[in-house]
Amino acid sequence: MTTQTDLTVRKSVLVNCSPEVAFHVFTERKTDWWPYETHAASGEKPAEVIYEPQVGGRVFDRLEDGRENQWGTVLAWEPPHRVRITWNVNPANPTTELEVRFTPEGDGTRVDLEHSGWEAYGERAQESASSYNSGWDLVLGRYVDSVNA
């Protein structure tokens with residue numbers, strides 16, 4: 001008998017703004033808060049990160065010199081409530097999926113992130129999910145600080 005383990009990384013944070021602002025900061029102001037010093041496909045901070053706002057659109061960064069690095073593809077675009085993308089910041093790794101939901105809560109917004117698809121990593125699935133689990137703590141901490149500033 002095989003036991004299936006759920007490797008989905010799940011994170012929730014609260015921010016002091018509307019879902020519209022939370023969604024905007026997550027999808028259109030990533031250069032304000034993403035930790036490029038440790039989490040950059042190119043090894044440098046891009047001039048911009050772009051979410052093409054439709055299903056099938058690209059998610060990519062553009063460096064000052066015009067080079068682009070694709071992060072994923074938009075699978076769902078439902079502002080200000082939800083965005084879902086494929087996640088493949090490192091082309092050497094299998095593609096996973098990232099879904100982020102923005103829900104009003106009190107005077108702010110609860111941001112729920114789910115990062116799934118780790119099974120594609122095979123024997124490295126548990127290790128990779130665990131690494132991203134701690135990585136998302138850093139990333140979302142920076143996001144919260146940016147939104148709440």
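Although no hydrogens or angles enter the test, the distance criterion places a donor-acceptor pair under 3.5 Å between the side chain of W33 and the main chain of V25. Distance alone, capped at 3.5 Å, is enough to place a donor-acceptor pair between the S128 side chain and the R124 backbone.
Contact of the W77 side chain with the T27 side chain is registered, since non-hydrogen atoms from C-beta on lie closer than 4.5 Å. Side chains of Y143 and V111 form a contact here, defined as non-hydrogen atoms less than 4.5 Å apart. Here the side chains of I85 and Y51 are in contact, with some heavy-atom distance below 4.5 Å.
Legend: residues meeting side chain to side chain contact (heavy atoms under 4.5 Å, CB included) with N16, ordered by chain and number and at least two apart, are N148. Scored by the salt bridge (charged side-chain N to carboxylate O under 4.0 Å, His left out) test, E99 finds R82, R101 as partners (sequence neighbours excluded).
Between the side chains of T96 and H115, at least one donor N or O sits under 3.5 Å from an acceptor N or O.
Within the structure, every pair that satisfies the salt bridge (Lys or Arg N to Asp or Glu O under 4.0 Å) test and touches residues 51-60, not counting sequence neighbours, is listed here: E52-R58, R58-E68. Within the structure, salt bridge (Lys or Arg N to Asp or Glu O under 4.0 Å) contacts touching residues 125-134 (residues at least two apart or in different chains) do not occur. Judged as a salt bridge (Lys or Arg N to Asp or Glu O under 4.0 Å), the pairs with a partner in residues 10-19 (not counting sequence neighbours) are, in order, D6-R10, R10-E114, K11-D137.
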For this session: Just do the side chain to side chain contact (heavy atoms under 4.5 Å, CB included) check on V15 and F102 with the steps written out, would you?
Result: CA-CA 10 Å; V15 291; F102 305 85; over 6 Å; no
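The number of heavy-atom neighbours closer than 6.0 Å to CD of E123, taken from other residues, nucleotides and ligands shown, is 12 or below. Around CG of D107, the count of heavy atoms belonging to other residues, nucleotides or ligands within 6.0 Å does not exceed 12.
Separation of the W87 and W136 ring centroids falls under the 6.0 Å cut-off.
Cluster note: I50 groups with F60 through ILVMFWY side-chain heavy atoms spaced under 4.5 Å, whether in direct contact or through intervening members.
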